[in-house]
Structure formats: structure tokens, C-alpha cells
Amino acid sequence: MVIGKPLLSAEEIQHKVKELADRITMDYKNKNLLAVGILKGAFMFFSDLVRHIRVPMSIDFIIASSYVKTDTTGEVKVYYDLRADVRDRDVLLVEDIVDTGITLNFIRERVLAKGPASLKVCALLDKKDRRVVDIPIDYRGFIIPNEYVVGYGLDYDDQYRNLPYISIFKKSV
Ligand code: PRP
């Protein structure tokens, strides 16, 4: 297996994260922000993003998964659910990547059913060409090509999440 040269360098990612956090800071003044990281993939993006957001906020997490290696099973399993009460909260779901959209759509519907004051989505990566379910992305980092990517939280078989950059993942033949 080969990790090629970065698709997105650590510097490009950090610049974009700061830009997204600045937009969120502007939009959530006088709101009741609850940022929800969708793990495991979003752990690095989430922690970088929230440290640049400059409004009062609380945080929570959902652990959900639907992929086995490079393929989606189409079925989202939730391993850890929100502890926070979302009523009267302005919820911001934070994802590392929207691919088919199945995961985020499932989680979005699940959180909406709990009656938040508002719900928006922030995703670092948007692999638009693979979309199966249409999902609104309010804060989007990068649109990326239809390639399997790892690093900065994203994995292949739970490996490579610790890389500070994002690379295209190729299986060696
Ligand atoms: C990845 C990623 C997103 C989802 C996107 O999670 O973190 O949550 O896939 O794919 P989709 O748009 O096709 O649903 P994964 O199921 O691999 O679990 P992980 O976050 O633990 O890596």
C-alpha cells in the first residue's frame, strides 16, 4: 500500500480550518452553539476547528460508522450517542468527509428528531461525485476528486488517522 504525495498539506488544511472557524464565529454570535463531532474520522478536524471558534459553546460527540475498509455498507451503526439535550441548542454537526452522504443524512435526521433550535453542517471534505443522498453542507472546506483519501482523521482499516495531511490512498498491486 502506498501513501502518495499530499492532496492537501497540513498548512492548506490549517488555513482552511481557520477560515471556517471565522465564519462560524461570525454566524453564531448570540446563539446557543453546540458543536457535535462525528467520530472517529472528525476527531482531528473537530479539535482544530473548535479551538479557533471564538463564541461561547459546548461540545458533544457521536461515534458512528458505516465503512469496512474502502466500502460503505450503507448501514450506519451508532456506537455512542449525544449526551447533551439539543432542545434550544444551535447544533453544528462537524464531519471530516461527506462521501455518499449516507452517514450525515442518517445523523442529521436523528438529531433533527430531538428538536434542536437549528441544525447546520460543517464538513472539511466534500467528495461530491460520490453523492447518493443530497445533504446540505453549510460550511465546506474542500471539494475533492473521487479518490479514497486518508490522513487528518481519515482512515484505511483504522490506520493513517494520525497523519497531519491528507493523501490519496492507493492499494499496491
Ligand atoms: C467515514 C467518515 C464519514 C463517513 C462519510 O466514517 O468519517 O463519517 O465515512 O461517508 P458517507 O458519506 O459515504 O456516509 P466511517 O464509517 O469510515 O467511520 P469512522 O469515522 O470511524 O472512520
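Computed from heavy atoms alone, side chains included, the values below leave out hydrogens, waters and symmetry copies. Counting convention: from 1, in listed order, for ligands and their atoms alike.
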**Q** Would Lys120 and Tyr139 count as a cation-pi pair here, with the cationic atom under 6.0 angstrom from the ring centre and within 45° of the axis?
**A**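 Because its charged atom misses either the 6.0 Å distance or the 45° angle limit, Lys120 does not stack over Tyr139.
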**Q** Can you name the residues that form a side chain to side chain donor-acceptor pair (under 3.5 Å) with Lys31, not counting sequence neighbours?
**A**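 Lys31: no side chain to side chain donor-acceptor pair (under 3.5 Å) contacts found.
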**Q** So, Asp48 and Lys18, do they make that salt bridge, N to O below 4.0 Å?
**A**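 Salt bridge flag = no for Lys18 with Asp48.
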**Q** Distances for all N or O pairs of ligand 1 and the protein under 3.5 Å?
**A**
{"unit_1": "ligand 1", "atom_1": "7 (O)", "unit_2": "Asp96", "atom_2": "OD1", "d": "2.8"}
{"unit_1": "ligand 1", "atom_1": "7 (O)", "unit_2": "Asp96", "atom_2": "OD2", "d": "3.0"}
{"unit_1": "ligand 1", "atom_1": "8 (O)", "unit_2": "Glu95", "atom_2": "OE1", "d": "3.2"}
{"unit_1": "ligand 1", "atom_1": "8 (O)", "unit_2": "Glu95", "atom_2": "OE2", "d": "2.5"}
{"unit_1": "ligand 1", "atom_1": "12 (O)", "unit_2": "Asp99", "atom_2": "N", "d": "2.8"}
{"unit_1": "ligand 1", "atom_1": "12 (O)", "unit_2": "Thr100", "atom_2": "N", "d": "3.1"}
{"unit_1": "ligand 1", "atom_1": "12 (O)", "unit_2": "Gly101", "atom_2": "N", "d": "2.8"}
{"unit_1": "ligand 1", "atom_1": "13 (O)", "unit_2": "Tyr67", "atom_2": "OH", "d": "2.6"}
{"unit_1": "ligand 1", "atom_1": "13 (O)", "unit_2": "Thr100", "atom_2": "N", "d": "2.9"}
{"unit_1": "ligand 1", "atom_1": "13 (O)", "unit_2": "Thr100", "atom_2": "OG1", "d": "2.5"}
{"unit_1": "ligand 1", "atom_1": "14 (O)", "unit_2": "Thr103", "atom_2": "N", "d": "2.9"}
{"unit_1": "ligand 1", "atom_1": "14 (O)", "unit_2": "Thr103", "atom_2": "OG1", "d": "2.5"}
{"unit_1": "ligand 1", "atom_1": "16 (O)", "unit_2": "Ser65", "atom_2": "OG", "d": "3.4"}
{"unit_1": "ligand 1", "atom_1": "16 (O)", "unit_2": "Ser66", "atom_2": "N", "d": "2.7"}
{"unit_1": "ligand 1", "atom_1": "16 (O)", "unit_2": "Tyr67", "atom_2": "N", "d": "3.1"}
{"unit_1": "ligand 1", "atom_1": "20 (O)", "unit_2": "Lys40", "atom_2": "N", "d": "3.2"}
{"unit_1": "ligand 1", "atom_1": "20 (O)", "unit_2": "Gly41", "atom_2": "N", "d": "2.9"}
{"unit_1": "ligand 1", "atom_1": "21 (O)", "unit_2": "Lys40", "atom_2": "N", "d": "3.2"}
{"unit_1": "ligand 1", "atom_1": "21 (O)", "unit_2": "Arg161", "atom_2": "NH2", "d": "3.4"}
{"unit_1": "ligand 1", "atom_1": "22 (O)", "unit_2": "Asp155", "atom_2": "OD1", "d": "3.2"}
{"unit_1": "ligand 1", "atom_1": "22 (O)", "unit_2": "Arg161", "atom_2": "NH1", "d": "3.0"}
{"unit_1": "ligand 1", "atom_1": "22 (O)", "unit_2": "Arg161", "atom_2": "NH2", "d": "3.2"}

**Q** Any salt bridge linking Arg161 with Asp158? Criterion: basic side-chain nitrogen under 4.0 Å from a carboxylate oxygen.
**A**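 Asp158 and Arg161: salt-bridged.
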**Q** Using the benzene-type ring in the case of Trp, are the ring centres of Phe46 and Phe61 under 6.0 Å apart?
**A**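 Between Phe61 and Phe46, which both carry aromatic rings, the centre distance is below 6.0 Å.
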**Q** Quick check: closest heavy atoms across Tyr28 and Asp90, and the distance to 0.1 Å?
**A**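 Nearest pair, atom of Tyr28 first, then Asp90: CE2-CB, 3.8 Å.
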